[in-house]
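Quick note on labels: first sequence line is chain A, next is B, and so on, each numbered from 1. Predicted model only: the values in this text are computed from it and were never measured.
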There are 2 protein chains.
Amino acid sequence: MENRRTDCEAINIDIVEKVRPKMPEMNLLYELSDFFKVMGDGTRIQLLWALEESEMCVGDLAVLLNMTKSAVSHQLKVLRVAKLVRAEKKGKNVYYSLNDHHVKLILEKALEHVCE
Amino acid sequence: MENRRTDCEAINIDIVEKVRPKMPEMNLLYELSDFFKVMGDGTRIQLLWALEESEMCVGDLAVLLNMTKSAVSHQLKVLRVAKLVRAEKKGKNVYYSLNDHHVKLILEKALEHVCE
DNA sequence: ACCACAATTGAATAATTGTTCAACTATTGT
DNA sequence: ACAATAGTTGAACAATTATTCAATTGTGGT
């Protein structure tokens, strides 16, 4: 018997049990919400949008967003770990670019939603 | 002169100034990241996914997700404020359903991305 | 009128998170 | 070898947030 965290009985057990098998693996849902979590920050959205226009190095992005290099670098790391951007070192500079073109599609769909 | 928060000069001023006018209004970007913030939580993603299958009341959702009614209600409120779900009172129960069919499209696109 | 049940609410707590600051690494130019 | 610049890193701090708990509202049934 699994331990129950819930504090009530279902009103419509039939509906609940019909829906239950249609739910994706928890595993997958967490990956999904982690993905949205990465997008759910104003700075990171700006970075993604900027990099969609052109690859840039950290200093350029810092000037564009009017932030410190450190703050930008921290957020780029989050995007890097999430595999949304890619870093390439050229001399003293590190150039970042988008790693995944799904992202552009999702950003555009979400913008449609927000603008309606 | 605007106050500078940044701590460096741009390496490629030409690129920065070419990209700058292409950036959407900050305003819009914040709406966008707020939208993703709402999606960026495991519980809320589960709720959205479940409601895509069938409308349900709070008790049903609590049983399905194995959580307390209170926790579910709190998260439903977040989704309600974000206009992603709609509540309808029927007798003693409150039935929730998806309010926006863009959401399904975005969830599916994001799932494609995560599954690749 | 009363009881049982469904849902909401607000305060409290614990956990997570974004930015700052200072220290550090790595590379170029002299 | 040295100074200057680009970027990264970790700790600290403030702010935000998800869940729990207890109290409350509102509805239906008796």
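- Between A/Arg44 and C/dG18 there is a side-chain N or O to OP1 or OP2 distance below 4.0 Å.
- Atom-to-atom, NZ of B/Lys69 to P of D/dT24 comes out at 17 Å; the value is rounded to the nearest Å.
- Closest to the side chain of B/Lys37, from the set C/dT27, D/dT17, D/dT9, is D/dT17.
- Under 3.5 Å, the side chain of B/Ser70 and the base of C/dT9 form at least one donor-acceptor pair of N or O atoms.
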task: Please assess B/Asp60 against B/Tyr96 for the test side-chain contact (heavy atoms from CB on, under 4.5 Å), listing each intermediate value before the final yes or no.
output: CA-CA 10 Å; B/Asp60 291 340; B/Tyr96 280 85; over 6 Å; no
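- Nucleic acid contact class of A/Cys57 (heavy atoms, under 4.0 Å, all strands): sugar-phosphate only.
- With the nearest nucleotide of DNA chain C identified for both A/Lys92 and A/Gly40, A/Gly40 has the one nearer the 5' end.
- With respect to B/Glu55 and B/Lys90, a salt bridge is recorded, a charged nitrogen being found less than 4.0 Å from a carboxylate O.
- Counting only heavy atoms from C-beta on, B/His74 has its side chain closest to C/dG10 among D/dG7, C/dG10, C/dA6.
- The residue B/Tyr95 sits apart from the nucleic acid: no heavy atom pair falls under 4.0 Å.
- OP1 or OP2 of C/dT9 lies within a sub-4.0 Å distance of a side-chain N or O belonging to B/Lys77.
- Distance, B/Arg80 CZ to C/dT9 C1': 11 Å, rounded to whole Å.
- Annotation for A/Arg5: atom CZ does not count as buried by contact number, only 12 or fewer foreign heavy atoms lying within 6.0 Å.
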